[in-house]
Amino acid sequence: MINNLSLLAEAPPAPTLTPPTLSVTEGQSVSLQCSAPVPCPSVPPALTWSSVPGPIEETLQQQQDGTFVKVSTLTFTAAPSHHDRDISCSAAYNRGSDSVPQVSAPLRPSVTYQPRNTAVSLRCSSDANPAAEQYRWYKADGGAQTLIGNSSVIDIKVSENVSHIFCEAQNELGIGRSVVTQLNEHSSARILPSSSCTGDSSQMSCVCEAEGNPSPQMHWRFSGISTNISITNEALNDMSVRSVITVKEPQWRDPVSLVCHSSNTRGSDTQTFTVPAFQRRGPPTNTRVTVSPSGPVAEHTDVTLTCSSEANPAVELYSWYKDDGGAHALIVNSSFAVLNIKASKDTTAFFCQSQNDLGTDVSAVTRLNVQYRPRNTRVTVQPQTSVREHSHVSLSCSSDASPAVQHYRWYKDDGGALTVIGNSAVLTMNASKDTTAVFCEAQNDLGTDNSTFIQLDVQYSPRNTTISRLSFGPVVENDDVTLTCSSDASPAARLYRWYKADAETDTHIRDSAVLTMKASKDTTQIFCEALNDLGTDRSAVTHLDVRYHPRNTRVTVSPSGPVLEHHIVTLECSSDANPVVQRYSWHHADGGTLIGNSALLKMNASKNIADIFCRAQNDLGTDDSSNIPLDVQCTYSFSV
C-alpha cells in the first residue's frame, strides 16, 4: 500500500497556543496547549517547547470537519522564575527530502508572587586603636564556622540558610569577635519553585521542597492511586524540608492530581501537581477505528480510516482487514495508522489490528454507511404461475438502495411507448392480454434504476381466428388449395377444426391447423375453429372463387311440347360455369352445322329440322347440351 503524503507547498501555519496570554499567581497549576494542523495524519508535525518546566502530553485529535490536529499539553506550577520568561511552541513539518520548516508561537507569562530574596544589611563595628583593618563574617552552623564575607558591611538574603552569624575585627594587635546573632525570625511555610514531578511508566516521583521557621511539616493528598506508593521526608537544613512521593509502575488512564501540603505554626502552603496518564508496558489495548468523514458517505468518494490504540511500547504495525460476512480478508500491513479507500457498497465492514513487541489487539468491526442509487431492481409476481385474463395479479418491486427507495413507478410497454400504471412498491391489477410487458423504476436521492421487463403469462381463450392462403384470387377446380387457420390464444390453440358451410348445415372437414384440398365448386365456403383449454373461437367464412369449365349445359324450349310446323319456337341455352359462359353456339346434331351464336335461338318449326344441341364455352373449356328433338306437327288446309 502506498500512502500519498500531502506535502506542504507553502509555509505551514503557525501553531496555536491556548490560552494566548497567561496571567497567574505563584503556585497556581498551569496547562498550556499547543495545537498544529495535520495535513497528513500519517506524518504529523513534531511539536517542541522552548522551555519545559513540567510534563508534556501529546495527542492526535480529529475535528468535526474530518481534519486532524496535533495537540501538545504542557503542565507546570507557576513560579517566580517563570515570570516574563519566553515560552514558545514550535511545529516542524516533514517534507520528505526537503528541509523541515519550523513555525513557532511565543508566550510570555505574567506571574505574581509574594516578596522574596529580602536582604538584610549588617555592619560590623569595633573599638580598636589602631582602627580595625580587616573584618570577616562567619556563619555559625552548630560547631562549624563558615566564612561568608570580608567587609565591614554584608548583605544577607533572608531566604538563604543563614540562621546564626557573627563577625571578627582585626588590627595589628589582635582580633575581636562579636557575639553570635540569630537572623531568621519565624516565617510561614512556603513551597519552593524547585518542586516538580518526573518519571515514566516504570516509576514516577514528585519532589516537594518547602521552607519555613519553624521547619514545616509535609503531607500528601491524592486520589486514583492505590498501590506501590512510598513517601520519604528529608530535612535539608533547620528551615527546609524535602518530601518525595514515589509510585512504582504507575497505572492510570487519566491525569491525576497530587497535592503537597506544607505547614508550620506560622502558616501553610499547598501545591497541586498534575501528573499525566501512565500506561505500563504491555500489548496494545482499546484499539479502535475512526472514520473521516463521519456519517453517511456516497459510493466512490474518498474515506479515511484511522486506527488508534493505547500501547507501551508504541504500536509498530497496523493490519487492516475487511469483514466479508464473517470471513476476514487482509487489506494491508503498514506502519501507518491511516487507510485511504474509495467507499463501496460491497466493502463496508472494516477492523484493524495493532501490534507492538508485546502482543496484538483487534478493534471492533466498523461499518461504513455507504449510500448509493438503487440497483438490482427486480419484480416478483403473485401468483407465480400463469393467470387467467381478468383475474387479480400482485406485482412487488424491490431494489438494493441506500438510502432506501423513496419512490416506485410502474410502466407498461405499449408497442414501444411507455405508460405509467402505478406509483407504489406493490401493484395490484387485473390480468389482461394487452398488459403483459411490465417493469418498475426505483428512485432515491442518488438516482434511479429499472427492472427488466416482466412478461406476464396471461391465459385466455382463442380470439381473432383467421384463415390465410399462400396465394389469393381464383383457383381452378381440382387444383390444390392450402388454407392456414391461426388464432391469438394463450395457451396456444391445441386443436383446429375445418368446416364447410352448407346453407344451414356446417360439415366437418378435417382437424389440423393447415388444410390442403382439391378445389371444388361444391366446397367454396369454409371456416375454421380454434380450441384451447379456455374456450373456442371461429373464423369468418372464407369464400373460395373456384373456376371451372361449363357443365350441366341444358336447353329449354318454348313453347314446350308439340309445336306446329312453321310456328316460331324459342330455344334457350344455359350452363353452370365459372367464369360465366362467354359464348353460346347452336348446332345441328346431324353434322354440327352452326345455326346460332347466342343463348337464345328463335326459329320456324319445320319437320325437316334435325335434332339440335347448344354448346357453352368459357376460358376453361366447353360443354354441349344433349340433343333436343323438336316435336313438329304438320298443319293441313282444306278447300271447300
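- Proximity of a side-chain donor or acceptor of S309 to a complementary backbone N or O of T285 within less than 3.5 Å is detected.
- Taking both residues in full, the closest heavy atoms of Y496 and A530 are given as CE2-CB, 3.6 Å, listed atom of the first, atom of the second, then distance.
- Of all non-hydrogen atoms in V291 and T366, the two that sit nearest each other are CG2-CG2, 3.7 Å.
- R554 and S575 make their closest contact through NH1-CA, 4.4 Å (heavy atoms, listed as atom of the first residue, atom of the second, distance).
- No option in T523, D522, T507 other than T507 meets the side-chain contact (heavy atoms from CB on, under 4.5 Å) test with D502.
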Worked verdict on S424 versus Y408 for side chain to side chain contact (heavy atoms under 4.5 Å, CB included): CA-CA 5 Å; S424 63; Y408 290 96; 5.8 Å; no
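- Residues W320 and I341 are not in side-chain contact: their nearest non-hydrogen atoms beyond the backbone lie 4.5 Å or more apart.
- The main-chain N or O of N286 is found under 3.5 Å from a side-chain atom of R288 such that the two form a donor-acceptor pair.
- For the atom pair OG1 of T348 and NZ of K322, the computed distance is 10.5 Å after rounding to the nearest 0.5 Å.
- Contact annotation: the side chain of F68 approaches that of T306 to within less than 4.5 Å [non-hydrogen atoms, C-beta and beyond].
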CA sep, side-chain torsions, deciding dist, call: C485, L515, side chain to side chain contact (heavy atoms under 4.5 Å, CB included): CA-CA 8 Å; C485 186; L515 173 65; over 6 Å; no
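- Side-chain atoms of S334 come within 3.5 Å of backbone atoms of F336 as a donor-acceptor pair (strictly under, hydrogens ignored).
- Heavy-atom contacts from other residues, nucleotides or ligands closer than 6.0 Å to NE2 of H392 number 12 or fewer.
- Atom CD of Q353 is separated from atom SG of C307 by 9.0 Å, given to the nearest 0.5 angstrom.
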Check against side chain to side chain contact (heavy atoms under 4.5 Å, CB included), N369 and S402: CA-CA 8 Å; N369 183 3; S402 179; 3.8 Å; yes
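- To the nearest 0.5 angstrom, C34 atom SG is 5.0 Å from L47 atom CG.
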Check against side chain to side chain donor-acceptor pair (under 3.5 Å), S354 and T287: CA-CA 7 Å; S354 56; T287 302; 2.8 Å; yes
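- In summary, R497 and D506 do not engage in a salt bridge, as defined by a charged side-chain N under 4.0 Å from a carboxylate O.
- Distance check: L483 CG to S468 OG gives 8.0 Å after rounding to the nearest 0.5 Å.
- Using modelled atom types, no side-chain atom of R388 and backbone atom of A431 make a donor-acceptor pair closer than 3.5 Å.
- Of the possible donor and acceptor atoms, none in the side chain of D576 sits under 3.5 Å from a partner among the backbone N and O of N552.
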Worked verdict on K518 versus D479 for salt bridge (Lys or Arg N to Asp or Glu O under 4.0 Å): CA-CA 5 Å; K518 296 292 186 180; D479 284 354; over 6 Å; no
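- S539 contributes a side-chain N or O that, together with a main-chain N or O of C528, makes up a donor-acceptor pair within less than 3.5 Å.
- Considering only heavy atoms from C-beta on, Y321 stays 4.5 Å or farther from V362 through its side chain.
- For the pair T622 and Q617, the tightest heavy-atom approach, listed with the atom from each and the gap, is CG2-CG, 3.5 Å.
- L317 CG to D357 CG: the interatomic distance, rounded to the nearest 0.5 Å, is 11.0 Å.
- Between the side chain of D623 and the main chain of A616, no donor-acceptor pair closer than 3.5 Å is present.
- Salt bridge annotation for K342-D302: present, with a cationic side-chain nitrogen under 4.0 angstrom from a carboxylate oxygen.
- Contact detail for A349 and V365: the closest heavy-atom pair is CB-CG1, 3.7 Å.
- In this structure, the side chains of P283 and D361 stay at 4.5 Å or more apart for every pair of heavy atoms.
- E299 pairs in a salt bridge (charged side-chain N to carboxylate O under 4.0 Å, His left out) with only one of the listed residues (K345, R375, R373), which is R375.
- Side-chain atoms of H543 and T524, non-hydrogen and from C-beta on, never get closer than 4.5 Å to each other.
- Across I467 and I526, no two heavy atoms sit closer than the pair CD1-O, 3.9 Å.
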Test log, rule side chain to side chain contact (heavy atoms under 4.5 Å, CB included), inputs L395 and L456: CA-CA 10 Å; L395 297 92; L456 298 179; 4.2 Å; yes
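- Counting heavy-atom neighbours within 6.0 Å of R469 CZ, excluding the residue itself, gives a total above 12.
- L32 has its side chain within reach of P19: a pair of non-hydrogen atoms, C-beta onward, lies under 4.5 Å apart.
- Between the side chain of D413 and the main chain of F439, no donor-acceptor pair closer than 3.5 Å is present.
- Of the possible donor and acceptor atoms, none in the side chain of T304 sits under 3.5 Å from a partner among the backbone N and O of N340.
- K412 is not listed as a side-chain neighbour of M429, based on a closest heavy-atom distance of 4.5 Å or more.
- Looking only at side-chain heavy atoms (C-beta outward), D488 and K433 come within less than 4.5 Å of each other.
- Within the model, atoms CG of D511 and CD of E529 stand 9.5 Å from one another, a figure rounded to the nearest 0.5 Å.
- In this structure, T542 contributes its side chain and F527 its backbone to no donor-acceptor pair below 3.5 Å.
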